[in-house]
Amino acid sequence: MLITGTFLDEISHDIPHQNWGRKEWDKDFRSMREIGIDTVIMIRCGHRNMMTFPSEVLSRKENAFLPPLDLLELFLKLAGKYGMDFYFGGYDSGRYWANKQFESEVDINLAVFDEVWKKYGHYPAFRGWYLPHEVGRNTGSIIPTYARMGRHCKQLSGLPVLISPFISGAKGVNQFAGELRTATGISVAEHEKEWNAIFDGIREAVDIVAFQDGHVDFHELTEFLNVNKSLADKYGLRSWTNSESFDRDMPIKFLPIKWDKMLLKLNAAEAAGIDKAITFEFSHFMSPNSCYFQAHGLYNRYREHFYPELFAKREKQLLLNQSA
Amino acid sequence: MLITGTFLDEISHDIPHQNWGRKEWDKDFRSMREIGIDTVIMIRCGHRNMMTFPSEVLSRKENAFLPPLDLLELFLKLAGKYGMDFYFGGYDSGRYWANKQFESEVDINLAVFDEVWKKYGHYPAFRGWYLPHEVGRNTGSIIPTYARMGRHCKQLSGLPVLISPFISGAKGVNQFAGELRTATGISVAEHEKEWNAIFDGIREAVDIVAFQDGHVDFHELTEFLNVNKSLADKYGLRSWTNSESFDRDMPIKFLPIKWDKMLLKLNAAEAAGIDKAITFEFSHFMSPNSCYFQAHGLYNRYREHFYPELFAKREKQLLLNQSA
Amino acid sequence: MLITGTFLDEISHDIPHQNWGRKEWDKDFRSMREIGIDTVIMIRCGHRNMMTFPSEVLSRKENAFLPPLDLLELFLKLAGKYGMDFYFGGYDSGRYWANKQFESEVDINLAVFDEVWKKYGHYPAFRGWYLPHEVGRNTGSIIPTYARMGRHCKQLSGLPVLISPFISGAKGVNQFAGELRTATGISVAEHEKEWNAIFDGIREAVDIVAFQDGHVDFHELTEFLNVNKSLADKYGLRSWTNSESFDRDMPIKFLPIKWDKMLLKLNAAEAAGIDKAITFEFSHFMSPNSCYFQAHGLYNRYREHFYPELFAKREKQLLLNQSA
C-alpha cells in the first residue's frame with residue numbers, strides 16, 4: 001500500500017511552520033513526486049484571521065491578514081509542474097467548533113469557494129475540493145454542513161469532494177492536553193451506526209472519505225477499517241486512508257512516527273481493500289527536507305521497504321560521491 | 001522595521017540549551033551582525049543556582065555552581081569584535097516569584113551589579129543593563145524593585161537601563177501549561193492605567209521599555225503598541241518592541257514563529273512609531289545556526305523580505321558553489 | 001568520570017524514534033566507541049504489543065507485532081564489531097504499572113529470557129541482563145519481581161543483572177504532565193530506609209545498581225549518591241550512575257541537557273566513588289548523529305572537556321577539509 005497523496009499543512013494551527021519559500025516548496029514537491037505522490041490536498045485555505053492566499057472575501061468578512069506569499073497559486077503551479085492533482089481545502093473560522101455557528105461557517109465557505117473557483121479554477125492541477133471541518137461522530141449539524149458545502153463545490157466545478165474524518169477512539173484526545181488516551185473511546189458498533197447516518201446524509205455531496213488512522217490502537221485498526229470500507233461501498237463513496245505520519249504516543253506532540261507503526265497501518269489498510277493511501281503529512285513528517293530529522297529516517301525506511309532497488313542505487317551514489 | 005537587537009538566552013529556564021562553545025557563539029554573532037543586529041542583551045546572569053560567569057557573590061550567597069565557561073566574558077568580547085552594544089541582565093533567584101521576597105532579590109542584585117561593574121565594566125561593549133524581573137501588571141512591589149535596581153545601575157555606570165515587560169493578554173499563560181489562552185486577558189484601559197502607575201514610579205531609574213509582543217492576538221497588537229508608545233513618551237522613556245520570534249500558538253512550546261506572523265508584528269510596531277525592534281531571541285529561533293531548522297527558514301524569509309538583493313546574491317553564490 | 005555505557009532506547013514509550021536503519025546504527029555505535037563507550041543496554045525488548053525482535057513468546061502470548069528489522073540481532077552484532085558488552089532488557093507489558101499484575105509480568109519475562117538466551121545467547125557480546133521495571137520506592141511487589149527475574153537470568157547464563165531505579169525526588173513527575181516538580185520529594189532518610197529493604201531482598205539476584213541521577217535538585221545529588229554507594233557496598237552490589245543526558249527542567253520533554261548540568265552530575269558521581277557512569281541515552285541526546293542538534297553540541301562539549309587533544313585535532317582536520 002503505497003502513499004500516493006499528502007496534505008499540505010498550510011495553514012496549520014498545531015504544527016509549527018517550517019518557514020519555507022518558493023524554492024523549498026519546489027524541492028519538496030519534487031521529493032514527493034520521487035516516491036510516487038500524485039495528489040496534494042491543502043488542508044485549509046485559512047484559519048481565523050490567517051490565510052494562504054489574498055482572499056477578498058476573507059479580508060472583508062473576517063478581517064484576515066494578507067499573506068506575504070500566495071501559497072495557493074504556488075501550490076497549483078507546483079502541482080502542475082510535477083503532474084499532481086490538487087485539492088483545495090476550505091476555510092475554518094474557529095467559530096464552528098467554539099460556538100456551533102453552522103450557518104455562518106457554510107455561508108463564508110460558499111463565498112470563498114466562488115472566489116477561488118473564479119480566480120484559480122483555470123489551473124489544470126485544480127482537481128478537487130477538501131472540506132476541512134473534521135469530526136469523529138454525528139454531532140451538531142455536520143450533515144448539512146458537509147452536504148451544503150459539498151454540493152456547492154460539485155455544482156461549481158464538477159470536481160470530486162473529499163473529507164477526512166477521525167475515529168473517535170481511545171487516542172482521541174485534545175492535541176494541547178498532556179494525556180495520550182481517553183477513557184471514552186467509541187465502540188465499533190457506535191462508530192458504524194453514526195457514520196451510516198452521516199454517509200446517508202452526504203452521499204450526493206461527498207465523493208471520497210479518507211478516515212484518519214491514528215486515533216485507535218493498532219490492534220483495533222483493522223476492524224474499524226473494514227467498517228469504514230463497507231459503509232463507503234454501501235453509499236457509493238470512494239475509500240481512502242489518511243495514514244498519519246506523526247506519532248500520537250509521545251509527550252512531544254507531532255513528531256514523526258516510528259516506521260514500524262506506519263507500516264502496520266499501511267498493511268492494515270491494504271488488507272481492508274482501501275483504494276488509496278494519503279498521509280498527514282509528508283513535508284513535516286516524511287520528507288527528506290523536513291526540519292525534523294526523524295522524518296528523513298522515515299523517508300529512508302519507506303524507500304528501503306517499497307523501493308529497495310532505487311534505495312540501493314541512491315545509497316551507492318552517495319558512497320561514490322563521498323569517495324570522489 | 002528591522003530587528004537590530006536580540007536577547008542572549010543564557011541562562012534559560014524554559015528553552016533547551018544548544019550547548020554551544022566559543023566557536024559556535026562566534027559564528028552566531030557574525031550571523032547576527034550580517035542581518036544588522038547591533039545590540040545584544042544577556043537575559044539574566046544567573047537563575048537559582050546556575051550562573052553564566054564565576055560570580056563570587058552568587059557562589060557565596062546562593063551556593064551557585066561555577067560554570068565551565070565564562071559566558072559573560074565571551075559575550076562582551078564578541079560584542080566588541082562585532083561592534084555591538086552589550087546589555088547585562090541581572091540575577092533571578094526564583095524566590096521573587098514564589099515568595100515575593102522583594103528586599104532580598106534587590107539586595108543580591110545590587111551586589112551582583114557592583115561585582116560585575118568592577119570586573120567587566122572596562123569592556124568597551126558594556127553599554128547597558130537589563131532588569132530580568134518581567135511582569136505584566138502593577139503587582140506586588142515591582143515599582144520599588146525596578147526603581148532601586150535601575151537607579152543603582154545608573155549611579156554605578158551612567159549607562160541606560162532596559163526592561164521588557166509583557167502585556168497580560170489572552171495568550172498570557174504559564175509556559176509549562178497545556179492551554180494556549182486564558183479567559184482573563186487584560187483590557188487596553190486596564191493595561192494603560194497600570195503601566196501609567198509603573199512608569200510614573202520608575203521614570204528616573206529606567207530608560208528603555210521593550211514590551212514583549214506575543215501575549216495578545218494579532219488584531220489587538222496595534223492598539224496596545226499605541227498605548228505603550230504614548231505612555232513611554234509621556235514619561236520620557238524610549239520605546240522598543242521585543243518582537244518574539246517563537247510561536248505562542250502551538251502545542252510544542254518555543255519553536256520558531258511563522259514568518260507571516262513575525263512580519264505582521266514588525267509592521268504593527270513600525271506603524272506605532274516604535275524606535276527599535278529587538279527579539280527574543282535570535283540564536284534559537286531566527287539563526288541560520290540554530291538547532292531548530294525552522295529558524296533557518298525564518299532567517300531566509302527575513303533576508304528575502306528586507307534584504308532582497310543580498311539574499312539573491314547569496315542564493316546565486318550557493319548555486320555556483322554547487323555546480324563547481 | 002567518563003561515560004562508558006549507554007542505554008539503547010528501543011522500544012521507547014516516551015522518546016520519538018529516529019527511524020534509523022542498519023547503516024545509521026552502525027555509524028552511531030562507531031561514534032559511541034570513539035568516546036570510550038564499552039557497554040550498551042537495550043532498555044526493553046518489548047513494550048505492550050511492540051517488540052524489537054521476532055519473539056515467538058510475545059507474538060503468541062501478547063499478540064505483539066513482528067518488527068520489520070531484528071534490532072536485537074543487529075545490536076548484538078554491532079556490539080561485537082565494536083568490542084562492547086551488550087545487556088538485554090526484558091519485556092514491559094504495561095500491565096504491571098496499571099494493574100499491579102506482578103505474577104504474569106514475571107512469568108512472561110521468564111519465558112522471554114529463555115527464548116532469547118536460546119536464540120541469541122551464543123553471541124559473544126551478550127554479557128548481561130537488564131530488568132526494565134524501574135521504581136523509586138519499595139512499593140508493591142518489586143522485591144519478588146526483581147528477585148525472581150534476576151535469579152532466573154543468572155541461573156540461565158551466569159551473567160550479571162543490572163537495574164536502574166530512580167530517586168523519588170522533587171523532579172519525579174509524570175513525563176506526560178506539564179509540571180516539572182512535585183511537592184512530595186522523598187527525604188534522604190526515607191530513601192535510604194526503603195532501598196535498604198529492597199537491596200536486602202534482591203542481593204543474590206541483582207549485581208549492579210545504576211540509579212538515575214535526574215530526579216533530584218543538583219545540590220541534593222551528592223547526598224543521595226553517597227547513600228546509594230554505601231547501601232550498595234553494604235549488600236555487595238556494584239554502583240554505577242545512570243547520568244541522564246536529557247533535560248528535566250524544560251517544558252519540551254526530553255531534549256538534550258545543558259552541558260553544565262551534565263558535568264555537575266558526573267563530578268558528583270566521581271566524588272561519591274561510583275564505579276562507572278552510563279547514560280540514558282547517547283543516541284538521542286549526546287550523539288553527533290542525533291536528530292536533535294543540541295546533542296551534537298553536548299557531544300562537542302564533552303569531547304572538548306575530557307578529550308581536549310582529540311577534540312583539537314578533529315577541529316583542525318575540519319578546518320583543513322574546509323580550506324581544501
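The model shown is predicted, which means the values in this text are computed figures rather than measured ones.
In this structure, the side chains of C/M50 and A/F218 come closer than 4.5 Å at one or more pairs of heavy atoms. A/H219 places none of its side-chain heavy atoms less than 4.5 Å from the side chain of C/N63. Under the 4.5 Å side-chain criterion, counting only non-hydrogen atoms from C-beta, C/L69 is not in contact with A/R301. Side-chain contact between C/H284 and A/Q294: absent, with no pair of heavy atoms (C-beta onward) separated by less than 4.5 Å.
Here the side chain of C/N19 pairs a donor or acceptor atom with the backbone of A/I257 at under 3.5 angstrom.
The part of A/N300 that comes within reach of chain C is its side chain, from C-beta onward, which places non-hydrogen atoms under 4.5 angstrom from that chain. For C/L255, the part lying under 4.5 angstrom from a heavy atom of chain A is the side chain only. Of the atoms belonging to C/N49, it is side-chain heavy atoms, and not backbone ones, that fall under 4.5 Å from chain A. With a 4.5 angstrom heavy-atom cutoff, A/L263 touches chain C only via side-chain atoms. Heavy-atom distances place no part of A/Y299 under 4.5 Å from chain C, backbone and side chain included.
We find the CZ-CD distance between C/R22 and A/E304 to be 8.0 Å, quoted to the nearest 0.5 Å. Here C/C291 contributes atom SG and A/H296 contributes atom NE2; the two are 8.0 Å apart, rounded to the nearest 0.5 Å.
Ranked by non-hydrogen atom pairs under 4.5 Å with chain C, the options A/Y292, A/F293, A/W259 are led by A/F293. In terms of heavy-atom pairs under 4.5 angstrom with chain C, the leader among A/I252, A/D247, A/D249 is A/I252. By number of non-hydrogen pairs under 4.5 angstrom with chain C, the leading residue of A/D217, A/L264, A/L180 is A/L264.
Considering all non-hydrogen atoms of both residues, C/P68 and A/D260 come closest at CD-OD2, 3.3 Å.
Environment of CD in A/E190: crowded, with over 12 heavy atoms of neighbouring residues, nucleotides or ligands closer than 6.0 Å.
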Please assess C/I11 against A/K258 for the test side chain to side chain contact (heavy atoms under 4.5 Å, CB included), listing each intermediate value before the final yes or no. CA-CA 10 Å; C/I11 290 171; A/K258 191 181 189 187; 4.2 Å; yes

